[in-house]
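Let me begin by presenting the structure, written as structure tokens, before commenting on it.
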Amino acid sequence: MDLFKWFRREKGAARPHRIVFEKENTQNTYIDWEDQMKPRVTLDDGITPEEHQALAARWDEMLKLAEAIIWHNYLDPDSDDLLSEEDSFPDIRYLTGNYYVADVSYGYTYRDRDGRAYHIKEGRLRHKHHNGKEWLEEWQEMDSPEITRRYMIFLGLHLTGNENGQEGDYMGLDLIAELDALDSPMEFEILSHDVI
């Protein structure tokens, strides 16, 4: 058995574990490991307090789904999704299994019938895309029947690592979910992961 496979097998017991910081984030700013504060929470313009509360009430469900993603994609030594090459990122050998929530955002996303995303700009909805030669913009009115408004939840997670004998930020993991209604089934997708 080569050394890398031995490390992977040893790390198999590291299940996701959320670290909860008690220090208030009074400025509601971006946080990292050194800050050890509660996450930054942002609300998109227009989302009502009732909608925010209904989405936030599903916190335990969100964390359960996030932990399943962390386990399957980054910690499970038997997962086919893990990169096995040396010098790959993330490297399962450095992950502690610990994570904390750094960012939470609740809002809306707007999509046309083809699933293309629109964003609010200057009081209208804009879809900006590149056709290989130039940037193009398509516009719709806010009340356009061509557009469906969905709820959006963004989770910015930080997974910790232990590279030099001390635990610290190792990887950022951004997850996003879109829901048709406040009580719709929830499923997160990986938006990105990167080095912190």
Task: Interatomic distance, Met186 atom CE to Leu65 atom CG [nearest 0.5 angstrom] - done: 7.0 Å

Open item on the list: Membership question, hydrophobic clusters at under 4.5 Å side-chain separation (ILVMFWY): are Leu182 and Val104 in the same one?
Closed with: yes

Task: Considering all heavy atoms, the nearest Ile120-Gly123 contact - done: CG2-N, 4.4 Å

Task: Distance-only polar pair, side chains of Tyr94 and Asn164, donor-acceptor under 3.5 Å - done: no

Task: CZ-CD distance between Arg116 and Gln140, expressed to the nearest 0.5 angstrom - done: 8.5 Å

Task: Minimum heavy-atom distance Tyr110-Ile147, with the two atoms named - done: CB-CG2, 3.8 Å

- [ ] Go through the steps for Leu173 and Leu191 under the test side chain to side chain contact (heavy atoms under 4.5 Å, CB included), then give the verdict.
- [x] CA-CA 8 Å; Leu173 175 62; Leu191 194 59; over 6 Å; no

Task: Closest non-hydrogen atom pair, Met37 against Glu24 - done: SD-O, 3.5 Å

- [ ] Assess whether side chain to side chain contact (heavy atoms under 4.5 Å, CB included) is satisfied between Phe154 and Phe188, documenting all intermediate values.
- [x] CA-CA 9 Å; Phe154 169 84; Phe188 280 101; over 6 Å; no

- [ ] Output yes when Glu67 and Arg15 qualify as a salt bridge under the 4.0 Å nitrogen-oxygen rule, no when they do not.
- [x] no

- [ ] Answer yes or no: is there a side-chain heavy-atom contact under 4.5 Å between Asp103 and Leu157?
- [x] no

Open item on the list: If you count heavy atoms of other groups shown closer than 6.0 angstrom to CG of Asn131, is the number above 12?
Closed with: yes

- [ ] Output, in order, the C-alpha distance, side-chain angles, deciding distance and verdict of side chain to side chain contact (heavy atoms under 4.5 Å, CB included) for Leu63 and Arg18.
- [x] CA-CA 9 Å; Leu63 294 178; Arg18 182 170 67 108; 3.2 Å; yes

Open item on the list: For a quick test of reading the model, state the closest non-hydrogen atom pair linking Asp174 to Gly156 and the distance between them.
Closed with: OD1-CA, 3.7 Å

Open item on the list: Tell me if the CD atom of Glu137 is crowded by more than 12 foreign heavy atoms within 6.0 Å.
Closed with: yes

Open item on the list: Under a 3.5 Å threshold, yes or no: a donor from one side chain and an acceptor from the other, between Asn162 and Thr96?
Closed with: no

Open item on the list: Testing the 3.5 Å rule here: is there a donor-acceptor pair between the side chains of Tyr108 and Glu51?
Closed with: yes

Open item on the list: Whether the Glu178 and Tyr151 side chains hold a donor-acceptor pair (N or O, under 3.5 Å, no angle test) is what I'd like checked.
Closed with: no

Open item on the list: With no hydrogens and no angle check, just 3.5 Å: does a side-chain donor-acceptor pair link Glu167 and Asn98?
Closed with: yes

TODO: Indicate whether the side chain of Tyr74 and that of His193 have a donor and an acceptor atom separated by less than 3.5 Å.
DONE: yes

Open item on the list: Tell me if the CD atom of Glu187 is crowded by more than 12 foreign heavy atoms within 6.0 Å.
Closed with: no

Task: Single-linkage hydrophobic cluster Trp59~Ile69, side-chain heavy atoms < 4.5 angstrom - done: yes

- [ ] Measure the CD1-CG distance between Ile31 and Asn25 for me, rounded to the nearest 0.5 Å.
- [x] 6.0 Å

TODO: Determine the interplanar angle of the His130 and Trp135 rings, folded into 0 to 90°, and report it as parallel if under 30°, tilted if 30 to 60°, perpendicular if over 60°.
DONE: perpendicular

Task: In one Ile/Leu/Val/Met/Phe/Trp/Tyr side-chain cluster, 4.5 Å: Met152, Val41 - done: no

Open item on the list: Check for me, please, whether Tyr106 and Leu179 land in the same ILVMFWY cluster - side-chain distances under 4.5 Å, paths through other members count.
Closed with: yes

- [ ] Just do the side chain to side chain contact (heavy atoms under 4.5 Å, CB included) check on Thr148 and Arg150 with the steps written out, would you?
- [x] CA-CA 6 Å; Thr148 301; Arg150 304 179 79 199; 4.1 Å; yes

Open item on the list: Can you tell me how far apart NE2 (His52) and OG1 (Thr42) are? Round to the nearest 0.5 Å.
Closed with: 9.0 Å

Task: Aromatic centroids of Phe89 and Tyr170 separated by under 6.0 Å - done: yes

Task: Neighbour count above 12 (heavy atom, 6.0 Å) for Gln27 CD - done: no

Open item on the list: Any heavy-atom pair between the side chains of Arg124 and Met142 that's under 4.5 Å?
Closed with: no

TODO: Using modelled atom types only, decide if a donor and an acceptor are shared between the side chain of Asp169 and the backbone of Trp33 within a distance under 3.5 Å.
DONE: yes

Task: Distance-only polar pair, side chains of His129 and Glu138, donor-acceptor under 3.5 Å - done: yes

- [ ] Find the distance between CG (Leu159) and CE (Met171) and round it off to the nearest 0.5 Å.
- [x] 4.5 Å

Open item on the list: Tell me whether Leu95 shares a hydrophobic cluster with Ile190, the cluster being built from Ile, Leu, Val, Met, Phe, Trp, Tyr side chains joined at under 4.5 Å.
Closed with: yes

Open item on the list: Distance alone, cut at 3.5 Å: any donor-acceptor contact between the side chains of Ser144 and Glu141?
Closed with: no

Task: Closest non-hydrogen atom pair, Gly97 against Leu75 - done: CA-CD1, 3.9 Å

Task: Modelled atom types, side-chain donor and acceptor of His158 and Tyr100, under 3.5 Å - done: yes

Task: Heavy-atom pair with the smallest gap, counting every atom of Leu155 and Ala66 - done: CD1-CB, 4.3 Å

Task: Spatial distance of atom CG (Asp35) from atom OG1 (Thr29) [nearest 0.5 Å] - done: 6.5 Å

